[in-house]
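Please read all numbers here as calculations on a predicted model, not as lab measurements. Whatever order the structure lists them in is the order used to number ligands and atoms, beginning at 1. All values below come from the heavy atoms of this structure, side chains included, with hydrogens, waters and symmetry mates left out.
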Amino acid sequence: MGRGSLPVLAAGPPLQLQRSWTIAMLRVERLTKIFENSTDQIAGGIREAEFELAPGTFFTMLGPSGCGKTTTLRCIAGLETPDAGVISVDGRALFDGERKLNVPVEQRAVGMVFQSYAIWPHMTVAENVAFPLTVMKHRRYSKAEIGAAVAKALAVVDLDGFEERPAPRLSGGQQQRVALARAIVHEPRLLLLDEPLSNLDAQLRDEMRSELKRLQSKIGITTVYVTHDQSEALALSDQIAVIDHGRIRQLGTPEDIYFRPANPFVARFVGATNLLAGRLVGAANGRGDVEVLGRHTIKCLVPSVIADPASVSVSIRPESIRLVPRAGAASPSGDNRIPGKIAGVTFLGATRRVDVASDGVTLQVTAAADHPLPADGEVDLLFAPERTVALPGKVS
Ligand SMILES: Nc1ncnc2c1ncn2[C@@H]1O[C@H](COP(=O)(O)OP(=O)(O)OP(=O)(O)O)[C@@H](O)[C@H]1O
Ligand SMILES: [Mg+2]
């Protein structure tokens with residue numbers, strides 16, 4: 001459906017710079033936008049995305065390249081017309097496929113930093129930041145109003161006094177902050193950030209990550225953030241949606257996603273993990289027993305619905321496993337215990353990565369650099385049932 005075919009819904013009175021920040025609720029229902037002409041095997045885009053963000057939420061869409069993150073963000077911004085679904089802010093529809101409502105981008109009150117956050121090199125910092133105000137069709141701002149708004153936005157990103165600096169004479173991190181100031185100068189209800197740190201080197205990215213979190217909590221703005229970097233997502237977010245091939249595969253807090261992944265895709269995409277194929281022997285109240293490696297029954301969490309008990313994967317994080325000298329079968333602490341033999345050790349500084357072979361499978365274990373390892377390599381792997389998760393589907 002082309003953009004022109006939907007009548008435009010007026011979004012109400014234009015925003016006033018004087019008003020205080022509004023902290024908005026964002027609701028996305030059955031959002032679908034598919035590019036049939038995409039060159040991928042499966043037509044690209046986003047399918048049936050659903051989420052609701054409480055005011056002030058820092059929400060991250062995390063997923064591999066081409067999974068549909070930017071498409072979703074562009075639909076929220078109004079830069080892309082969805083095929084179907086509803087997008088609403090504070091209960092007012094910005095887009096509704098069935099009711100044929102589509103509020104134009106300039107009336108959506110969103111601030112956006114794009115994937116390649118160009119700031120204009122021929123302009124000063126102030127001109128860059130003021131730009132969204134100078135192109136607004138429905139309201140003309142006086143010079144004084146623009147000056148005040150620019151100063152306020154620059155103060156939020158700690159660039160007070162940088163107004164007259166030419167854009168090329170800024171560091172990467174400062175340019176990033178100018179892009180953020182430009183996104184918030186009109187006091188939007190939503191902040192949409194598409195991989196805003198991807199242009200920065202690793203150290204600066206770390207610094208800007210903390211900065212961004214601080215800024216977001218300072219102004220409390222509801223934020224939709226896009227990244228394919230899992231550590232960024234875990235560090236910043238209140239809620240994360242993990243997306244694969246246009247579908248949300250799991251929605252939850254960083255702890256949910258990391259410790260209670262819903263499927264093998266999420267377990268593998270977020271953090272390193274060991275996945276063992278297994279068979280569900282029994283489950284009740286979110287816990288159960290799974291037979292792995294053909295002969296060991298281990299206790300684990302069973303947070304997801306498992307349709308086929310014969311086709312199960314068990315996820316155990318490398319740092320959740322402890323290596324101890326070989327002993328009897330049972331563990332007094334109630335931890336799972338399976339035997340193995342050390343197949344390789346890699347020194348990583350603070351930790352060592354230990355590869356342990358067990359019944360033809362190699363498991364990765366993260367051990368402290370000074371953790372004693374037996375000379376003959378015969379060990380038991382100990383891991384708590386709370387850190388062992390059964391997932392639907394067998395690992396390939
Ligand atoms: N205008 C378009 N025409 C055709 N296909 C498109 C268009 N825009 C996006 N796609 C396809 O839709 C899919 C999702 O693209 P999108 O840009 O949303 O991915 P992404 O998750 O942001 O990826 P990245 O991490 O690489 O930025 C891709 O397969 C892409 O090729
Ligand atoms: Mg993208």
Side-chain angles (χ1 to χ4, degrees), residues 1-6 26 28-51 53 58-87 94-95 97 102 104-105 108 110-119 176 179-180 182-183 190-202 205 208-209 212 223-237 239-252 254 257 262-263 265-266 268-271:
M1 190 183 294
R3 156 168 279 274
S5 60
L6 288 177
L26 171 69
V28 168
E29 298 161 76
R30 304 179 312 282
L31 176 71
T32 300
K33 171 75 188 178
I34 294 168
F35 298 103
E36 297 293 353
N37 61 346
S38 110
T39 48
D40 295 9
Q41 284 168 332
I42 312 176
I46 188 78
R47 290 151 208 268
E48 308 257 318
E50 296 246 352
F51 50 89
L53 310 184
F58 196 115
F59 176 69
T60 297
M61 294 191 286
L62 171 69
S65 185
C67 72
K69 306 180 294 292
T70 296
T71 303
T72 309
L73 209 63
R74 287 174 57 84
C75 287
I76 298 169
L79 297 166
E80 207 76 73
T81 305
D83 300 332
V86 181
I87 301 168
L94 298 181
F95 176 85
N102 193 18
V105 56
R108 289 196 178 196
V110 297
M112 187 154 174
V113 175
F114 292 95
Q115 202 157 355
S116 53
Y117 65 89
I119 63 167
Q176 189 58 55
L180 275 167
R182 187 175 58 190
L190 291 178
L191 185 58
L192 308 177
L193 304 173
D194 195 352
E195 310 227 18
L197 309 184
S198 59
N199 287 358
L200 307 176
D201 64 44
R205 202 157 55 221
M208 278 305 292
R209 183 197 287 178
L212 198 60
T223 301
V224 182
Y225 188 83
V226 161
T227 184
H228 58 257
D229 179 330
Q230 38 132 337
S231 53
E232 218 165 272
L234 294 173
L236 286 170
S237 319
Q239 293 283 324
I240 299 175
V242 184
I243 307 180
D244 181 37
H245 283 106
R247 292 210 183 265
I248 295 182
R249 303 296 305 275
Q250 185 171 5
L251 200 96
I257 301 282
N263 49 63
F265 174 81
V266 173
R268 249 202 285 240
F269 191 73
V270 184

Does [X] use its side chain to pair, donor to acceptor, with the backbone of [Y] at less than 3.5 Å?
X	Y	result
Thr32	Glu48	yes
Thr223	Tyr225	no
Glu195	Val226	no
Arg47	Ile34	no
Arg30	Ala84	no
Asp244	Phe265	no
Asp194	Thr70	no
Gln230	Gly271	yes
Lys33	Gly44	no

Nearest heavy-atom pair of Ile248 and Ala49: which atoms, and what distance?
CD1-CB, 4.1 Å
Subset of ligand 1 atoms that lie under 4.0 Å from at least one heavy atom of [X]:
X	value
Thr70	17 (O), 18 (O), 20 (P), 22 (O), 27 (O)
Gly45	12 (O), 13 (C), 14 (C)
Thr71	14 (C), 15 (O), 16 (P), 18 (O)
Gly44	12 (O), 13 (C), 29 (O)
Glu195	25 (O)

Heavy-atom proximity to atom 25 (O) of ligand 1 ranks first, among Arg74, His245, Lys69, His228, for Lys69
Ignoring hydrogens, just give me the one of Ser198, Gly66, Pro64 whose non-hydrogen atom is nearest atom 14 (C) of ligand 1.
Gly66
Nearby protein N/O/S atoms (those under 2.8 Å) for the Mg ion (ligand 2), with water ignored:
Thr70 OG1, Gln115 OE1
Are any of the N/O atoms in Phe35 less than 3.5 Å from those in ligand 1?
no
What do you reckon, does Gly68 have a nitrogen or oxygen under 3.5 Å from a nitrogen or oxygen of ligand 1?
yes
